Amino acid sequence: MRSHAAAGTLMTSVCTGSLVFADAGLLDGRPATTHWGALDLLATLGHEIDVRPDERFVDDGQIITAAGVSAGIDVALHLVARLHSPERAAEVRRQIQYDPQPPA
């Protein structure tokens, strides 16, 4: 992972995958999030990680972290918008019938 990050690869994680990034030092000095149950652990795995407990996902340029499973869908649509277009992301959202407003 470190070599991919060093080469400029776009790095993304969903849920507790950010813990792996943190343990590898990829989140040092960066904002990040993870599943709510692992927020305290995230802060301990790196140096000066700016833990964002209220964010569904955090896009810090090269590294994107998402909070939980449904936040992973949010970040996937964000990536479609970022890498293709907002219009394409809206099409994908409609195709998968994803409604970001929870029913409960």
Side-chain angles (χ1 to χ4, degrees):
M1 278 192 312
R2 289 184 194 110
S3 63
H4 287 296
T9 301
L10 178 61
M11 308 291 289
T12 63
S13 71
V14 176
C15 201
T16 55
S18 60
L19 302 179
V20 178
F21 285 3
D23 198 44
L26 301 180
L27 300 180
D28 290 353
R30 292 179 176 267
T33 194
T34 191
H35 184 273
W36 63 266
L39 288 165
D40 291 338
L41 180 56
L42 177 63
T44 69
L45 292 176
H47 301 286
E48 298 182 26
I49 298 172
D50 177 11
V51 178
R52 305 274 176 96
D54 298 321
E55 300 291 329
R56 289 184 56 78
F57 68 89
V58 175
D59 183 338
D60 189 45
Q62 181 191 2
I63 298 180
I64 303 173
T65 55
V69 175
S70 65
I73 297 170
D74 292 349
V75 84
L77 293 169
H78 171 75
L79 283 167
V80 172
R82 179 175 154 176
L83 300 174
H84 190 278
S85 70
E87 295 78 21
R88 183 65 182 140
E91 291 170 6
V92 171
R93 190 181 107 199
R94 187 175 191 300
Q95 281 296 101
I96 65 172
Q97 292 188 305
Y98 179 62
D99 183 358
Q101 299 300 317

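In this text the structure is predicted, and so the values were computed from the model without any measurement.
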> Any ion pair linking Glu91 and Arg94 (charged N to carboxylate O, less than 4.0 Å)?
Replying inline: no

> About how many Å separate CD1 of Ile96 and CG of Leu77, when rounded to the nearest 0.5 Å?
Replying inline: 5.0 Å

> In terms of hydrophobic clustering (I, L, V, M, F, W, Y; side-chain heavy atoms under 4.5 Å; direct or indirect links), are Val51 and Leu27 co-clustered?
Replying inline: yes

> Which residue pairs pass the ring-ring contact (aromatic ring centres under 6.0 Å, His included) test when at least one of the two sits in residues 48-93, sequence neighbours left out?
Replying inline: Phe57-His78

>> Going by salt bridge (Lys or Arg N to Asp or Glu O under 4.0 Å), name the residues that satisfy it together with Glu55, two or more places apart in sequence or in a different chain.
In response: none

>> Is it the case that the side chain of Ser85 and the backbone of Arg88 share a donor-acceptor pair, with hydrogens and angles ignored and the cut-off at 3.5 Å?
In response: yes

>> Do Val92 and Tyr98 have side chains that approach each other closer than 4.5 Å (heavy atoms only, starting at C-beta)?
In response: no

> CG of Leu79 to CG of Asp59: how many Å apart, nearest 0.5 Å?
Replying inline: 7.5 Å

>> Grouping I, L, V, M, F, W and Y whenever their side-chain heavy atoms are under 4.5 Å apart, do Phe21 and Val75 come out in a common cluster?
In response: no

> Residues in side chain to side chain contact (heavy atoms under 4.5 Å, CB included) with Ala89, at least two apart?
Replying inline: Val80, Ala81

> Got a sec, which residues hit salt bridge (Lys or Arg N to Asp or Glu O under 4.0 Å) with Asp40, two or more places apart in sequence or on another chain?
Replying inline: none

> Can you list the residues that meet the salt bridge (Lys or Arg N to Asp or Glu O under 4.0 Å) rule with Arg52, with sequence neighbours excluded?
Replying inline: Asp50

Show me the side-chain donor-acceptor pairs of residues 1-15 shorter than 3.5 Å, one per line, residues at least two apart or across chains.
residue	atom	partner	partner atom	Å
Arg2	NE	Ala24	O	2.9
Thr9	OG1	His4	O	3.0
Ser13	OG	Ser18	N	3.4

> Side-chain heavy atoms under 4.5 angstrom apart, residues restricted to Ile, Leu, Val, Met, Phe, Trp, Tyr: same cluster for Leu42 and Ile63?
Replying inline: yes

>> Please check: side-chain N/O of Asp28 versus main-chain N/O of Gly46, any donor-acceptor pairing under 3.5 Å?
In response: no

>> Please tell me whether Leu45 and Leu39 are part of a single hydrophobic cluster in this structure, the criterion being side-chain heavy atoms less than 4.5 Å apart.
In response: yes

> Which atoms form the tightest heavy-atom contact between Thr65 and Ala32, and what is the distance?
Replying inline: OG1-CA, 3.4 Å

> Any side-chain donor paired with an acceptor under 3.5 Å for Arg56 and Thr33?
Replying inline: no

>> I need the Leu19 CG to Ile49 CD1 distance, nearest 0.5 Å.
In response: 9.0 Å

